[in-house]
Each structure stands twice: as C-alpha cells, then as structure tokens.
Novice: 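There's a structure below that I have some questions on.
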Number of protein chains: 2
Amino acid sequence: MARKIAERSDIVPLLAEVFRENGFEGASLTLIGARTGLGKGSLYHFFPGGKEEMAEAVLGDIERWFEAHVYRPLRETQDAAQAVGDMRQSVEDYFRSGRRACLIGAFALDNVRDRFSAKIRNYFAAWTEALAGALERGGVDPKEAPYRAEEAVANIQGALVLARALDDPAVFERAMARIVARLLAG
Amino acid sequence: MARKIAERSDIVPLLAEVFRENGFEGASLTLIGARTGLGKGSLYHFFPGGKEEMAEAVLGDIERWFEAHVYRPLRETQDAAQAVGDMRQSVEDYFRSGRRACLIGAFALDNVRDRFSAKIRNYFAAWTEALAGALERGGVDPKEAPYRAEEAVANIQGALVLARALDDPAVFERAMARIVARLLAG
DNA sequence: ATCATAATGTACCGAACGGTCCGGTTTGGA
DNA sequence: TCCAAACCGGACCGTTCGGTACATTATGAT
C-alpha cells in the first residue's frame, strides 16, 4: 500500500473539517477515516492518543494560523488602521465569509470545553491582547483598549453564529464591516 | 413503579440541560435517562421519535419561552427603552449571566443545524424582527432598524461564546451593557 | 541489494450506541 | 371494584464506537 500522505501535518486540515462539520462527539473514526483516506491503523500511528490528540493537533494548527495571520500582524504592524484592516481580511478569508464556523468557539459551548480549556482560552486571550495592543498604538486609552478588543472578538463570534443560523453569509459581512468601522472610529 | 413525572413537559427542561452540556451527538440516552430519572421505555413512550423528537421538544420549549419573555414584550411594550431594558433582563436571566450557552446557537454551528434548520432560523428571525419593531417605535429609521437588531442579537451570541470560552461571566455582563446602551442611543 | 523503520489496512475486542419489545405496575374513570 | 390505558424498567437487538494487535508493504539509508 503506497504512502498516502507526505506528513502528519497534511492530515490536520482534513481533521479540522470533520470536527467542524460533526462536532467532537459526532466525528467518529469512521468519518475521519473516510475524510482522510486513512485506515485506523494509520490514524493511530500518527495520533497514538486517539481522537483527543487529533483534536489537539487541529486546535494547535488553528492557533498557529491565527498567530501567523492575525495576532502577529496585529502586534507588528505600526499603523493601527492597517493592522485592523489586515485582520479583517484574514478573518474573512479564514471563516469563508461566515460560511465556516469557528471550531474553537463551537468547542467552547458544551462540555468539550473541558477537554481543551487551555487552548480555547488562549486562542481568545491572544486575539484580544494583540488587538488591544494595536488599538493602543492607534491612540485608544490603554484602560479602554482591552474592552474594545473584547467587544470586537465577541462580535465576530456572534456574527459567525448568526450567519450560520440564518444560513446567510451577508450577515457576517455586514458585521465585519461594522466591527472594523467601530474599531477605527477611535 | 410510581409515576415519576406529572407530565411530558416536565422532562423537557431536563433534556435541555443534557443537550446543552453534551451537544446533540454526545447526549446519549444513557445520560438522558440518568438526568431525567427515566428508563428508556419511558423516554420512548413520551418521545416515540427518539432523540431527535426530544431535541425538537426542547427547541420548541425554548421558542415558547422566548416568545413569552422576549419577543412578545418587544412587540407589545410601547416604550422602546422599556422594551429593550426588559429584554436585557430576560436575556440575562435566561442565559444565567453568560454561564449558560444558547443551545440554538450551538446547534447552528455544525451539521446538527441540518436537523433543525427551520427552528434555528425562526428563533433568530423572530428575535431580530421583534427587536427591530421596538427600535422603530423608538424612532429608528425603518430601513436601519433590522440591521441594528441583527447586530444586537449577533453580539449577544458572541458574548455567550466568549464568556464560555474564557469562563468569565463578566464578559457577558459587559457585553449586555454595551449592547443595550447602543440600542438606546438611537 | 539489504534491512530497519515507517506507514498501512483490517480483523478483532469490549463497551456503548439508539431503538424495540414486553411484562409489570399505577392511575383514573366508570 | 374493575378495567383500559398510561407509564415504567430493563432485557434484548443489531450496529457503531474508540481502540488494539499485527501481518504486510513501502520507503529511505547504507
């Protein structure tokens, strides 16, 4: 049987899709196998810790993506308006204009949260912190910036929920425009 | 064996808790039985359609609660500020200041959405519609009111996600204060 | 070419799944 | 009191679950 994947990390985005569509409990190994094209033996070879290790790998992957495309640019871009605009672009790309749920947000809502609480908390904390820093650089009061950032991140999450619930990506797009406009209004 | 429940509707809030904690797929009949105190035979007696019928009953119950405590007051209270303030109170009570997830929002995020899409869509549509009506009565442009309402409902959802993710109810409380202040600012 | 290791698929395991079945008990109305 | 219907629990069913074991094949280094 020929090798099907170049490396472990090639499986992770496929795992992410299965978890997004099915949730943690609904993502059976049979579904994961079908999606990745790998048998159970292979899956356990790469993820000896089983399903939970797969989900951890997915969360780690998401975190790395956000670090590279959202948090770091927010921290390093000197111009706050530019930073916020770039964040908008990245976030819209990542969430496919609201068609793709935020897996980390979804995992937060039931007892799956307890399996991955550190990663879930860190994702949102890192985001709000990086965004608050950018806001401060743009002149927002350092006492006010964390609350502004928290508001924006929460509103992005809410827009994802509502866009999915109404099956209407325009909801997300409108929300992103408002969120960014508010961030840039000072 | 003595009757354990007065009527079917007494089971529904217990079912809601199991679904909120475990998600749809994770809410096994064993867990449901343990939570309700009923055996499988009894559960199927009341809900012959099985788990999906249980979830439908829960969603119906939530809808009735929101109709009575949120949508109808929004529609019937003449004073818009009063209506919005009452909504805030009801929503904070219902979501336990952010400690309790919105089951309908949670169901929207993965493929469980496809089982209950009408109920999920109606919940949010009815809410935004009733809130838009109240905003109009308070003087907001009829073209603008639906967008304001949509923003508020999405932001409430987002605040629930973030409060759960960070395990910090204060996040929800801050968000509710902001959301209501914005609604009342005109 | 050889060989150790990585990767693979699938049979198998015990447990748990949702759902069916049905005998037994309780309840309420006549 | 009697009786039909409602309610009850749990044994049972076939299927699926996550995970283990291991023979086989592919790969890369020597």
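Here the structure is a predicted model, which means the values were calculated and not measured. Chain A is the first sequence line, chain B the second, and so forth, proteins listed ahead of strands; every chain is numbered from 1.
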Novice: According to the interplanar angle, ranging from 0 to 90°, do the rings of B:Trp65 and B:His69 count as parallel (below 30°), tilted (30 to 60°) or perpendicular (above 60°)?
Specialist: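 Judged by the thresholds at 30° and 60°, the geometry between B:Trp65 and B:His69 is parallel.
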Novice: Could you list the donor-acceptor pairs under 3.5 angstrom formed by side chains in residues 97-106 of chain B, with sequence neighbours left out?
Specialist:
unit_1   : atom_1 : unit_2  : atom_2 : d
B:Arg99  : NH1    : B:Arg96 : O      : 3.3
B:Arg100 : NH1    : B:Tyr94 : O      : 2.9

Novice: Decide whether B:Asn111 and A:Asn22 meet the rule of one side-chain donor and one side-chain acceptor closer than 3.5 Å.
Specialist: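 Yes, because at least one side-chain N or O of B:Asn111 sits under 3.5 Å from a partner of the opposite role on A:Asn22.
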Novice: Tell me: CD1 of A:Ile11 to C1' of C:dT8, nearest whole Å?
Specialist: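 Rounded to whole Å, this separation is 12 Å.
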Novice: Taking the inter-plane angle between the rings of A:Phe24 and A:Phe19 on a 0 to 90° scale, is it parallel (under 30°), tilted (30 to 60°) or perpendicular (over 60°)?
Specialist: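 Ring orientation, 0 to 90° scale: parallel.
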Novice: Please state how far atom CZ in A:Phe46 lies from atom C1' in C:dT8, giving the value in whole angstrom units.
Specialist: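 So the two atoms are 9 Å apart, to the nearest Å.
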Novice: Given atom CG of A:Leu43 and atom P of C:dT8, what is their separation to the nearest angstrom?
Specialist: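 For the pair A:Leu43 CG and C:dT8 P, the rounded distance is 9 Å.
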Novice: Strictly under 4.0 angstrom, non-hydrogen atoms only: write out the protein contact profile of nucleotides 17-30 of chain D, one letter per nucleotide from the 5' end, B, S or -.
Specialist: SBBBB--BSBS---
Novice: Think B:His45 has a side-chain N or O under 4.0 angstrom from the OP1 or OP2 of D:dC8?
Specialist: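 The answer is no; no side-chain N or O of B:His45 sits under 4.0 Å from OP1 or OP2.
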Novice: Is B:Ser42 close enough to D:dC7 that one of its side-chain N or O atoms is under 4.0 Å from OP1 or OP2 there?
Specialist: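 Checking B:Ser42 against D:dC7: no side-chain N or O falls below 4.0 Å of OP1 or OP2.
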Novice: When the ring planes of B:Trp127 and B:Phe66 are compared, do they come out parallel, tilted or perpendicular, using 30° and 60° as the limits?
Specialist: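 Taking B:Phe66 first and then B:Trp127, their aromatic rings sit tilted (interplane angle of 30° to 60°).
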Novice: Between B:Arg148 and B:Glu136, does at least one N-O distance fall below 4.0 Å, as a salt bridge requires?
Specialist: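 Here B:Arg148 does not pair with B:Glu136 in a salt bridge, since their nearest N and O are not under 4.0 Å apart.
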Novice: CD1 of B:Ile5 versus C1' of C:dT26: gap in Å, rounded?
Specialist: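 Roughly 14 Å, once rounded to whole Å.
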